[in-house]
Amino acid sequence: MDAKICIICGLILFFVGFFALLYRKNIIFMMLGIEMMLNAANLVFAAGTQIYHNADGQIMIFFIMAIAACEAAVGLAMLIWLSRNRKIMDTDHLTLLRG
Amino acid sequence: MTIIFSIIVFAMVLIVGFHVAPLMTWVERRQCAFIQRRVGPNRVGIFGFTLFGLGQPIADAVKLLFKEDGNPSYVQPFFYFIAPLIPSVTGLAALMVIPFGAQDTFFGTVFSPQVLSVGAGFLLFFAMSSMSVYGVTLAGWSSNNKYSLLGGLRASAQMISYELGMGLSLIPIVLIYQTLDLQQIVYAQSHSYLFGFLPDWGIFRAPVSFFIFLITIFAETNRLPFDLAEGEAELIAGFLVEYGGMRWSLFFLGEYAMMFAFSGLISCLFLGGYSLPYLTHESLIHIVQPILGSFGSIAVFLIEFATLIVKMSIIMLIFVQVRFTVPRFRYDQLMKLGWVTILPLALINLFVTALVLGYSSFK
Amino acid sequence: MIMTVTLTILCLLLILCFVTTSIIPTPVGACASLIGGFLLLSFIYGFLGAHFAAVIQIIVYAGAIMVVFVFVVMLLNVPTQDLPKVKISLADILSILLSIPVLILVSIKILNWQAPMIDSQNVEMKDIARKMFIDYLWPFELISFLLLTALVAAITVAHKNKGSRYMLKEGSDHGR
């Protein structure tokens, strides 16, 4: 029962992160939405450790965290480049590829 | 009954943690004075009893309590309020994983003098030291002051750079003692002997780890020679410039509590923890039992507690001694040391330890 | 029973923290509430028996990744975002209304699912390490390579370089 509550909570958190990603214009806030979605997935894996009493859930959490770290680093580096060279931080102004 | 014992241990650890900061201010000023061939504060007393100037911290605490709690109007309200709490809370929480004695049964109930004993062991320590970075960062930013912002960001960059070296230098210890639990590590250190006569302490098994860890904890707690963040208060401004009175002292409570916790960690990992060099817990009980009967466990616990406090105090004295001996690093020298010297050294140490352990277990 | 109630309260607080992150206009406030959410999440992992995950959540996520976010926010002076929309359009209402039945249906499916009864033994750190280096060795090495690549990429992109070809120069044509 504990694990099921956590899985449902993870579902709701995923939706919250998804809406944050869609409705925010600034890149930092969108990246926070992505982090929320990744954490929702982590919560579901942790609920899996409660059910299956396995080491697999925590290993997947470890891998997802490593991927989130890489993606945050690269995304923030791109944000720094953008804000330093183009003075852009909103995605509304990134229109170079608009056809 | 176990719950009552746990609460007693928790209260003891908290009380010890809270009293480190005033005592350390006194120790610093007296030791600084002795190093500089002068006397230091020895005049403040209660009713004429000046015991080596121990009245000074009491006077300082009273003064800080009665100072005006300035609420400047130009600071970010919520973060200005929260920033002093973060170093204090994490510093005191880091003390909770240190074992202050061996687990024993006292009148039938199990008494374990370690407040938090989870499978993750001393990784909780790193969690607390990672969270203490936010105190410095938020304090610098919420002061709405360019100099304190830069000081705070530099200090937090320094802290997270040295966290890498800290973690990597402790992996050989985990490889040697095969466990993350501090109780188990202290047990292993007191119950076996190297070469027949040396106690199996971490400092003899992994000396390079000890030196790297000692250097990195100076950087983690913003102590000289790595205290560019605080030392800037003497030059331009540090991240503490907008804080006065009790808020300022909360920062130092946190810093000294974190120093104390790191001393505890070094003692448990490298210096044998609460155990005296050639006596194990069982032999101590064996000695004390005929004299005190069933109160022998409590007596042994007090002996072990005192041993650990003595070892932690030695490391704290090393902290203070280094502060008044070595000049301060420049910021680029500091970052270069962390990334170019300490990190490769820790990696090579880990590699060599793994090779030696693998070879000796393969034979 | 107490565990379930505590876990429910923690999950509700966690949802509140994450919703605050989505709504709050200041960037530092959003990061701070996300850090609070991560601390709660670590607490929940501890409740679920995932002790290793709880500790590395604080060390890695709240203590390293979010520090980098907070650094970037403070150094770049990310502007306070205006509240997104004052008038709510049909698309917003429809999206939220359509997501609620999805949530409810999936929740009902989850609640009716029979969890397999596996005998409970505590997962020790040694089991995790054993599994990581024996069963999951290949993903582990690939992740280390990925981290190295991300490190090189981040340094290359964010490096202060005067001769960058894609910088906007006043009065010159772009990209050359």
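Heavy atoms only: backbone and side chains are in, while hydrogens, waters and symmetry mates are out.
Here the CE-CD1 distance, from B:M128 to C:I59, works out to 9.0 Å after rounding to the nearest 0.5 Å.
The minimum heavy-atom distance linking C:G63 with B:I160 is given by the pair O-CG2, 4.4 Å. In this structure, C:K126 and B:Q178 approach most closely via the heavy-atom pair CE-O, 3.2 Å.
Contacts of C:V70 with chain B are made by side-chain atoms alone, with heavy-atom separations under 4.5 Å and no backbone atom involved. For B:L153, the parts lying under 4.5 angstrom from a heavy atom of chain C are both the backbone and the side chain. Interface residue B:F79: only side-chain heavy atoms are found under 4.5 Å from chain C. Neither the backbone nor the side chain of B:T179 has a heavy atom closer than 4.5 Å to any heavy atom of chain C. At a 4.5 Å heavy-atom cutoff, B:Q76 makes no contact with chain C through either its backbone or its side chain. There is no contact between C:V68 and chain B, counting heavy-atom distances below 4.5 Å.
Between B:W141 and C:V73, every side-chain heavy-atom pair lies at or beyond the 4.5 Å cut-off. The shortest side-chain heavy-atom distance between C:H51 and B:L124 does not fall under the 4.5 Å cut-off.
When the heavy atoms of residues 29-46 of chain C are compared with those of chain B, the residues falling under 4.5 Å are C:G29, C:A32, C:I35, C:L39, listed by number. Contacts of residues 99-108 of chain C with chain B at a heavy-atom distance below 4.5 Å are absent; not one residue qualifies. Contact residues of residues 340-350 of chain B toward chain C are absent (heavy-atom distance under 4.5 Å). Proximity to chain B at a heavy-atom threshold of 4.5 Å picks out nothing from residues 135-150 of chain C.
Atom CG of C:L97 has more than 12 neighbouring heavy atoms from other residues, nucleotides or ligands inside a 6.0 Å radius.
By number of non-hydrogen pairs under 4.5 angstrom with chain B, the leading residue of C:I58, C:V123, C:V60, C:L75 is C:I58. The choice from C:E124, C:Q57, C:M125, C:M74 that makes the most heavy-atom pairs within less than 4.5 Å of chain B is C:M74. Contacts with chain C were tallied for B:I82, B:V133, B:T137; B:T137 has the most, counting heavy-atom pairs under 4.5 Å.
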